[in-house]
Amino acid sequence: MSTTPASATTTPTSPASTAAGSPVPVVAHSITAPAATAQRELHGLYRRVPNLGDYGSMAAIEERWILPRAKAYETSAPRFGSAGELLQALKEFLSEEEASIPESATFLAEHATLEQFKVVVRQFALDGLTESESLLPVVPRLPYRSAMAVFRVLIDELGCGNEEKAHSQLYRDLLTELGMSLDLDDYLDETTPECFAYVNMFHWLASRASSPQYFLGAYAYFETSVLYAFQSFARAARRLGIVHDAYYTEHLYIDSYHSSHMRTAIRALDEPDLAKIWAGVRLASDIVGTATETAIARARETVA
């Protein structure tokens, strides 16, 4: 996911220090940021230790982008009677989504050239190179039993302490084979707003959302949807003869286990806010789906 979260303990810089050459202004500079650049700006804000102005900038972008969507999904959520009812609805939602896989997934799996595949890999590099780092702050925000279920998932994402098995290292192995950069900054100019939003969403869910229960819904959705969503990526890599395809195949194996733990994390809540959990489901479905469609559309623009 996105990069390590910003700390909330920084002392704001003064106007004098800014004038002396500080690259971080105190004023909130994102109030009128164009939509095309706001997601990139937010990604940069999330990656650094914020000052007072940065907090204002983050809030301004979030208030235009994700907060209205989260509120709308929360307000329109079904009136579930229990966590079990919500999990059953999630199962049905995922089944319907899997049954209507878009044509773009078939294109990627069966027709994309190596250069087109590399475009998709490039669009998700900001996520792959930092996978799960931004999720760690959600653990202390959750009740203990729920937090431990999530933490078991994150331990796997980080390779159980074995850096060779960390998902971010698997992405580095893929990039290396494809002759692509391992420097995060090399992808900033090429990443679409939709793919920036994909990374930013996970940071917001873990660190910025008013309740960590949005995260539980989003990640319960994500860890299960990957089991079908990554099939086209794995098939494309295999068809193209890519050796280091473990980033995709590992998810197809381990995320069945992870999805079970995420359901446990929801059941473990003594006071679940089912509307917020459902809003997280819908947010993740929308933002992840839009990013994937955008990345593949960008690839199709590439001449074979």
Asks: What residue among Q123, Q39, R298, R40 forms side chain to side chain donor-acceptor pair (under 3.5 Å) with T192?
Replies: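 Per the side chain to side chain donor-acceptor pair (under 3.5 Å) rule, the option paired with T192 is Q123, out of Q123, Q39, R298, R40.
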
Asks: Taking all heavy atoms of A295 and all of V119, pick out the closest pair and write down the distance.
Replies: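 Of all heavy-atom pairs spanning A295 and V119, the closest is O-CG1, 4.3 Å.
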
Asks: Applying the salt bridge (charged side-chain N to carboxylate O under 4.0 Å, His left out) test to E74, which of K276, R69, R282 qualifies?
Replies: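 Of the listed residues K276, R69, R282, the salt bridge (charged side-chain N to carboxylate O under 4.0 Å, His left out) partner of E74 is K276.
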
Asks: Please find the pair of heavy atoms, one from A279 and one from A70, that lie closest to each other, and give the distance.
Replies: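 Closest pair (atom of A279, atom of A70, distance): CB-O, 3.7 Å.
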
Asks: Between A77 and A275, which heavy-atom pair has the shortest distance, and what is it?
Replies: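 Minimum heavy-atom contact is CB-CA, 3.9 Å.
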
Asks: Please tell me if the side chains of D186 and M180 come closer than 4.5 Å, counting only heavy atoms from C-beta onward.
Replies: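 No; the side chains remain at least 4.5 Å from each other.
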
Asks: Can you list every pair that meets ring pair (Phe, Tyr, Trp, His ring centres under 6.0 Å) and has a residue in residues 126-153, with sequence neighbours left out?
Replies: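 Non-adjacent pairs meeting ring pair (Phe, Tyr, Trp, His ring centres under 6.0 Å): zero.
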
Asks: Is any side-chain N of the basic residue among R239 and E110 closer than 4.0 Å to the acidic one's carboxylate O?
Replies: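 Salt bridge absent between R239 and E110.
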
Asks: Determine whether L129 and L175 make a side-chain contact, defined as any pair of heavy atoms from C-beta on separated by less than 4.5 Å.
Replies: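 Counting from C-beta outward, L129 and L175 do come under 4.5 Å.
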
Asks: Looking at P272, is its backbone amide N or carbonyl O close enough to the side chain of Q213 to form a donor-acceptor pair, meaning the two atoms are under 3.5 Å apart?
Replies: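 Here the side-chain-to-backbone pair does not exist.
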
Asks: Excluding sequence neighbours, so at least two apart, what forms ring pair (Phe, Tyr, Trp, His ring centres under 6.0 Å) with Y221?
Replies: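 Expected list: none.
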
Asks: Take the angle between the ring planes of Y171 and Y247 and call it parallel below 30°, perpendicular above 60°, tilted in between.
Replies: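 If you compare the ring of Y171 with that of Y247, the planes turn out perpendicular.
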
Asks: Regarding E103 and R300, does a basic nitrogen lie under 4.0 Å from an acidic carboxylate oxygen?
Replies: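 Looking at R300 together with E103, the answer is yes, because their closest N to O distance falls below 4.0 Å.
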
Asks: For E301, does the CD atom have more than 12 heavy-atom neighbours from other residues, nucleotides or ligands under 6.0 Å away?
Replies: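 Buried by this count: over 12 neighbours within 6.0 Å.
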
Asks: Is the backbone N or O of L135 less than 3.5 Å from a side-chain atom of S132, with the two atoms forming a donor-acceptor pair by type?
Replies: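 Side chain of S132 to backbone of L135, a donor-acceptor pair under 3.5 Å: no, none is there.
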
Asks: Measure the acute angle between the ring planes of F233 and F230, then classify it against the limits of 30° and 60° as parallel, tilted or perpendicular.
Replies: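 It falls in the tilted class, 30° to 60°.
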
Asks: For side chain to side chain contact (heavy atoms under 4.5 Å, CB included), just list the numbers for I101 and T106, CA-CA rounded to whole Å, side-chain angles, deciding distance to a tenth of an Å, and then say yes or no.
Replies: CA-CA 8 Å; I101 294 292; T106 302; 5.5 Å; no

Asks: Between E97 and S285, do the side chains contain a donor N or O and an acceptor N or O under 3.5 Å apart?
Replies: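 Short answer, yes.
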
Asks: Does any part of the side chain of S211, heavy atoms only, come nearer than 4.5 Å to the side chain of D273, both counted from C-beta?
Replies: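 D273 does not reach S211 side chain to side chain.
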
Asks: Does E177 use its side chain to pair, donor to acceptor, with the backbone of V243 at less than 3.5 Å?
Replies: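 Yes, E177 side chain to V243 backbone: donor-acceptor pair under 3.5 Å.
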
Asks: Okay, side chain of Y187, backbone of S181: is any donor-acceptor separation there less than 3.5 Å?
Replies: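 Yes, because the side chain of Y187 sits within donor-acceptor range (under 3.5 Å) of the backbone of S181.
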
Asks: Quick check on E164: does its CD atom have over 12 non-hydrogen neighbours (other residues, nucleotides or ligands) under 6.0 Å away?
Replies: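 For E164, atom CD is not crowded (no more than 12 foreign heavy atoms under 6.0 Å).
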
Asks: To check you understand the geometry: which heavy-atom pair defines the closest contact between L136 and L158, and what is its length?
Replies: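 L136 and L158 have their closest heavy atoms at CD2-CD1, 4.1 Å.
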
Asks: Y219 versus H261: any side-chain heavy-atom pair under 4.5 Å?
Replies: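 Side chain of Y219 against side chain of H261, heavy atoms only: no contact under 4.5 Å found.
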
Asks: Return the minimal non-hydrogen interatomic distance between A291 and C195, and the atom names on each side.
Replies: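 Looking at all heavy atoms of both residues, the shortest contact is O-SG, 3.7 Å.
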
Asks: Give me the ring orientation class for H167 and H258: parallel if the planes are under 30° apart, tilted from 30 to 60°, perpendicular past 60°.
Replies: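 Rings of H167 and H258: tilted, as their planes differ by 30° to 60°.
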
Asks: Report yes if the side chains of L184 and L126 come closer than 4.5 Å at any heavy-atom pair, otherwise no.
Replies: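 Side chain of L184 against side chain of L126, heavy atoms only: contact under 4.5 Å found.
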
Asks: Measure from the side-chain N and O atoms of D286 to the backbone N and O of L283, and report whether any donor-acceptor pair falls under 3.5 Å.
Replies: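 No, D286 side chain to L283 backbone: no donor-acceptor pair under 3.5 Å.
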
Asks: By side chain to side chain contact (heavy atoms under 4.5 Å, CB included), which residues pair with A59, not counting sequence neighbours?
Replies: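 With neighbours one apart ignored, the set is E63, R208.
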
Asks: Assess whether side chain to side chain contact (heavy atoms under 4.5 Å, CB included) is satisfied between Q169 and R172, documenting all intermediate values.
Replies: CA-CA 5 Å; Q169 182 58 46; R172 287 178 173 84; 3.7 Å; yes

Asks: Quick check: do I61 and N200 have side-chain heavy atoms less than 4.5 Å from each other?
Replies: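 No, side chains not in contact.
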
Asks: Between atom CD of E133 and atom CG of D127, what is the distance when rounded to the nearest 0.5 Å?
Replies: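 So the CD of E133 and the CG of D127 are separated by 10.0 Å.
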
Asks: With distance as the sole criterion, is a donor-acceptor pair present between the side chains of E194 and T290 under 3.5 Å?
Replies: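 The criterion, which ignores hydrogens and geometry beyond distance, is not satisfied for T290 and E194.
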
Asks: Check whether any side-chain heavy atom of L114 lies under 4.5 Å from a side-chain heavy atom of I242, and answer yes or no.
Replies: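 They are in side-chain contact.
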
Asks: Check L205 against R141 and note the closest heavy-atom contact, atom names and distance.
Replies: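 Looking at all heavy atoms of both residues, the shortest contact is O-NH1, 3.8 Å.
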
Asks: Side chain of S225, backbone of F222: donor and acceptor closer than 3.5 Å?
Replies: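 Yes; at least one donor-acceptor contact below 3.5 Å.
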
Asks: Kindly indicate whether the side chain of L42, heavy atoms from C-beta on, has any atom under 4.5 Å from the side chain of W204.
Replies: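 A side-chain contact under 4.5 Å is absent here.
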
Asks: Which of parallel (below 30°), tilted (30 to 60°) and perpendicular (above 60°) describes H203 and Y46?
Replies: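 Answer is parallel, since the angle falls under 30°.
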
Asks: Here's a test for you: under side-chain contact (heavy atoms from CB on, under 4.5 Å), which of L90, V153, T224 qualifies with S259?
Replies: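 The side-chain contact (heavy atoms from CB on, under 4.5 Å) with S259 is passed solely by T224 among L90, V153, T224.
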
